[in-house]
Amino acid sequence: MQNSRIKSFLNRIISASYLHSAVLLFQILVGNLKNFTYVIGDEAAKVGIIIDPSWDLDKVMSTVRRNKLDIKYIFNTHSHWDHTIGNKEIANRTGAKIIAHESAPTLKDISARDNDVIEVGSLKFKVFHTPGHCLDSICLMIDEILFTGDTLFVGDCGRTDLPGCSPAQLYDSFTEKILKLDDHTRIYAGHDYGARLRSTLGYEKKHNRSLQPQSKQEFIEIMSR
Ligand SMILES: [Fe+2]
């Protein structure tokens, strides 16, 4: 799949014309915690997925209906409530199956493992297990786009001081998985916490404190401050 096939839309321009794109990507700002829900669709096959449904489900579903997408799967980037509370309602409204990492304690229909590839129409989503912010954190990659959940934000990373968090695991997820991806990889995070709505891995390598060259011990000390 060529990069040019993907066309993305911010929620505020959701009603704009986008009929010539083969792969649709909607980044929708929802709720009071600046969460992002994503709708990704294969325009030709009229199938798609939703990542992290939480609040403002009518807004999400209006995007689905407007694009006539048959939602096959709900992906959860991790099990925290602000990424999963819309699961049941969206599943009821669409018939979609819920996919989460095999270690996630939340209700799911399909358990995902590291390096799994899940196909929806012509779309192929690769699973990266990236524990650290949460033991069951995953990042999802389609073409050059990486959905990072709370593992990596624009300019920062997810907190590691909650139960189940591990700064050492997060360091390993960065060094062994994310930092090995191409600099052109586009970063779409789980929250609108940065100076920009999305970024690239190359930009984050230069400007994100979490991705600076440092030892694991240095990273753990920074995360504990
Ligand atoms: Fe989280």
Side-chain angles (χ1 to χ4, degrees), residues 11 27-40 49-57 59-60 73-91 98-108 110-114 125-141 145-179 185-199 201 204 208-211 219-220 222-225:
N11 185 50
Q27 182 184 39
I28 306 172
L29 188 61
V30 298
N32 298 321
L33 298 176
K34 296 187 172 184
N35 283 72
F36 282 128
T37 291
Y38 294 96
V39 175
I40 301 115
I49 66 143
I50 296 174
I51 298 176
D52 288 352
S54 49
W55 295 283
D56 300 335
L57 301 180
K59 187 158 69 172
V60 174
Y73 300 117
I74 295 164
F75 283 90
N76 290 144
T77 58
H78 62 299
S79 58
H80 285 165
W81 66 276
D82 57 318
H83 297 257
T84 57
I85 55 172
N87 279 359
K88 186 176 180 183
E89 182 172 339
I90 291 292
I98 299 167
I99 301 179
H101 187 256
E102 59 182 346
S103 65
T106 44
L107 283 176
K108 55 187 175 296
I110 298 169
S111 291
R113 299 179 181 84
D114 193 36
F125 295 90
K126 183 175 180 182
V127 175
F128 292 88
H129 183 213
T130 53
H133 170 69
C134 197
L135 176 62
D136 54 62
S137 287
I138 59 172
C139 294
L140 281 172
M141 190 160 209
I145 290 180
L146 188 68
F147 298 94
T148 55
D150 288 3
T151 295
L152 182 67
F153 299 130
V154 174
D156 207 340
C157 65
R159 58 192 295 182
T160 56
D161 59 336
L162 298 170
C165 293
S166 165
Q169 285 185 331
L170 186 58
Y171 180 86
D172 290 341
S173 292
F174 286 150
T175 55
E176 295 171 10
K177 306 255 176 88
I178 291 178
L179 286 170
T185 301
R186 292 155 67 186
I187 303 296
Y188 283 74
H191 290 266
D192 181 19
Y193 287 166
R196 303 186 294 166
L197 293 165
R198 52 189 180 246
S199 189
L201 184 56
E204 294 304 306
N208 189 320
R209 65 166 186 149
S210 310
L211 301 183
F219 181 80
I220 291 171
I222 288 171
M223 294 303 292
S224 65
R225 289 175 194 158

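When a ligand or atom number is given, it counts from 1 through the structure's own listing order.
- In this structure Glu102 satisfies the salt bridge (charged side-chain N to carboxylate O under 4.0 Å, His left out) test together with Arg113, sequence neighbours excluded.
- Using bins of under 30°, 30° to 60° and over 60° for the plane-to-plane angle, the ring pair Tyr193/Phe153 lands in the perpendicular bin.
- Side-chain atoms of His78 and Asp150 include a donor-acceptor pair closer than 3.5 Å.
- Around the Fe ion (ligand 1), the protein contributes the following N, O or S atoms under 2.8 Å, ordered by chain and number: His78 NE2, His80 ND1, His133 NE2, Asp150 OD2.
- Between Thr84 and Thr106, the side chains place no donor N or O within less than 3.5 Å of an acceptor N or O (distance only, hydrogens not considered).
- In this structure, a donor-acceptor pair under 3.5 Å is absent between the side chains of Asp52 and Asn35.
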| request: Output, in order, the C-alpha distance, side-chain angles, deciding distance and verdict of side-chain contact (heavy atoms from CB on, under 4.5 Å) for Met223 and Cys157. | output: CA-CA 9 Å; Met223 294 303 292; Cys157 65; 3.5 Å; yes
